[in-house]
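Taking it in order: structure first as structure tokens, then the write-up.
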There are 2 protein chains.
Amino acid sequence: MSARKAKPPVTLKAIARQLQVSESTVSRVLSGNGKKYRISAKTEKAVLELARKWRFVPNPLAQGLRLNRTQTIGLIIPDISNPFFARVARQIEVEARQAGFSIILCDSEEDTSLEIKSLELLEARKVDGFLIAPVGETTDHLQEYARRDWPMVIVDRYLPEIKLPYVSSDNFKGTYQAVKYLLERGHRRIACVQGRTASLPNRERVRGYRQALQEYQVAIDESLLVGNDFGLENGYIKTKLLLRQEKKFTAIMALSNLICLGTIRALTEEGMEIPRDISLIGFDDQVYCEYLRTPVTTVAQNEKEIGSIATKLLIEWIQSVNPV
Amino acid sequence: MSARKAKPPVTLKAIARQLQVSESTVSRVLSGNGKKYRISAKTEKAVLELARKWRFVPNPLAQGLRLNRTQTIGLIIPDISNPFFARVARQIEVEARQAGFSIILCDSEEDTSLEIKSLELLEARKVDGFLIAPVGETTDHLQEYARRDWPMVIVDRYLPEIKLPYVSSDNFKGTYQAVKYLLERGHRRIACVQGRTASLPNRERVRGYRQALQEYQVAIDESLLVGNDFGLENGYIKTKLLLRQEKKFTAIMALSNLICLGTIRALTEEGMEIPRDISLIGFDDQVYCEYLRTPVTTVAQNEKEIGSIATKLLIEWIQSVNPV
DNA sequence: TTGAAAGCGCTAACAT
DNA sequence: ATGTTAGCGCTTTCAA
């Protein structure tokens, strides 16, 4: 028994009874198939009117059970409190809602085993498809879902071994242009603090870095390419180490916003001033960037576009596979 | 028909057939009521084993339809891309998951009519309760749900006219202590740029501001208390105006992080330096605060705690009303 | 043009 | 200790 004050629920059956017609007729009208089944104009009108008067809303649980379609998308994010993901998520929600889908949100806490659990949970809940920004340690579980033909679009972090649609900003171009900018300003020894090395965004960003240097005939000093995580810690520690090793470099390319903050902290602690002593470019624009102690140049990512494209892609897939 | 490669679904019925027992028996065992119904150890064991072997997972749609309980919470947030809400949301998701609930996420885009639509959508989807950070323009729709005894907990923004559980940080204490801090350092003319004046968090923050001043016997100059929105624009414009009016003040209390950024922008444009020319305290701590051009002092909010308490409150309510 | 009936997967009251 | 049955609300095939 529901706790809500019990009004008799507005169901197809109730409407049918009131109108002295069958449930099927009501169903046909209300799912817009009145014409198709050649329901008489009179009946159709009566049903429509009563449904609106009684504020009939179909029960999605019943529909889902019957149709194996829930108008629901499972969204799995490694950390929804990361502003980048939060912005992507917002656009996903907006876009999905406009297409008549709801979002079930799962935070995998950057933990592959929770990612797997989330997939299972969402599968049990009969979502129509997945939008996932994978943790990225392993990919077997994703492969498995791909193999079973689940509509699934990967966001941001990609794992090249899986063949699934994938949406992210142009990571290559981002660093490519940023590093070129530095080169044009005369920098030749440019350090780079990267994120998780296995992830495609990171690989692409590094590729942009290499490409730019190469075009300027600058030999790449591998000892200036450090790091393996997108977090603040990594930026901090790796920058410290770079400075300790007395590597000579005049600029740093930080491959995420958190890395960038860590780098700033390290530089500050070591008494370096930006841009007086060193230049710094970060990745992933944020509202607050322009207010940083030092207005750090950043490569903007378009979260809205990422979210929007991913959602549209997924919904198209869902609908092609399981038309309404 | 589902698009997924069709394996015969693992249902109670399938298990029952295989084991030559009735569906009810299987159901009883699998919902942990074996003892209660005194199912024989042998039968129980067989069911359990097959269920695990076949990886049986009950269908939540069917359960929901039958039980009027979906183990689902509707979360309505005015802007999930706001880092404050994103962090609250994360904790909510984590906490809810641990209690066996899923989150359906709706972003009301700071729009009351979308907030109403979200409520209706979630109600139709038979969520067990709501967590909502209301837009706050009007409250009739919330009243209505409260009246119908829906489990619902308000987060962050409160509307005192509704009597519903409400969770936020201690807004009063936040500004109270911040302003006292300024007073202790000799400031006497302290401007305050506030957020949406109708909202309780804002009112509480303003109350803290007034209280602190009062305790220091500082008469309150109402012309130093300006603003009416939590956004960046408001901080920017109101600060500009304060400066233009040549009001004398030596410190500014900004009642949100976005207001604070707007204030920084305005001060910077006017050539004021923090803290040389003026002191500034913001509300709502952020990772990036310590990296701001000027390390602005801020009042921290504990998003984790807010999310955690709100979720626990709601789930307790749900379970008291509709025990498992 | 409409109705009857079956069934999606599950639970619970009522047998026995 | 377990089975039978009805039903949650909906869609759809088959029949009329």
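Below, read A as the first sequence line, B as the second, and so on, with proteins coming before strands; counting in each chain starts at 1. The model shown is predicted, which means the values in this text are computed figures rather than measured ones.
- For the pair B:L65 CG and C:dC10 C1', the interatomic distance rounds to 9 Å; values are reported in whole Å.
- Using a 4.0 Å cut-off between a side-chain N of Lys or Arg and a carboxylate O of Asp or Glu, B:E49 and B:K45 qualify as a salt bridge.
- Atom P of nucleotide D:dT4 and atom CG of B:L12 are separated by 15 Å, given to the nearest angstrom.
- Looking at residues 34-45 of chain A, you'll see A:Y37 sit with a heavy atom under 4.0 Å from some atom of DNA chain D.
- In this structure, B:W150 and B:F130 have tilted ring planes: the angle between them lies in the 30° to 60° band.
- A straight line from CD of B:Q71 to P of C:dC10 spans 15 Å, rounded to a whole angstrom.
- Considering only the side chain of A:T25, C:dG3 comes nearest among D:dC10, C:dG9, C:dG3.
- Salt bridge annotation for A:R148-A:E123: present, with a cationic side-chain nitrogen under 4.0 angstrom from a carboxylate oxygen.
- Checked against D:dT4, C:dA4, D:dC10, the side chain of A:P58 finds its nearest nucleotide in D:dC10.
- Protein atom CG of B:L67 is 16 Å distant from nucleotide atom P of C:dG9, rounded to whole Å.
- Comparing B:V57 and B:R28, the nucleotide of DNA chain C nearest to each residue sits closer to the 5' end for B:V57.
- Residues that satisfy the side chain to side chain contact (heavy atoms under 4.5 Å, CB included) test with B:T43, not counting sequence neighbours, are B:V21, B:T25, B:I39, B:S40, B:V47.
- Rounding to whole angstrom units, CZ of residue A:R69 and C1' of D:dT12 are separated by 13 Å.
- Taking the charged nitrogens against the carboxylate oxygens, B:E120 and B:K117 have no contact shorter than 4.0 Å, which rules out a salt bridge.
- When the P atom of C:dT2 is taken as reference, atom CZ of A:R17 falls 20 Å away, rounded to whole Å.
- Remark: A:R28 is positioned above the aromatic ring of A:Y37, its terminal NZ or CZ atom under 6.0 angstrom from the ring centre and at most 45 degrees off the axis.
- Between B:N59 atom CG and D:dC10 atom C1' the separation is 14 Å, expressed in whole Å.
- Among the heavy atoms of the strands lying under 4.0 Å from A:T11 are primed sugar atoms or P, OP1, OP2 only; no base atom is included.
- Mapping A:K13 and A:S24 onto DNA chain D via the closest heavy atom, the residue that lands nearer the 5' end is A:K13.
- No option in B:R90, B:R87, B:R97 other than B:R90 meets the salt bridge (charged side-chain N to carboxylate O under 4.0 Å, His left out) test with A:D107.
- Distance CD (A:E23) to P (C:dA5): 12 Å, rounded to an integer number of Å.
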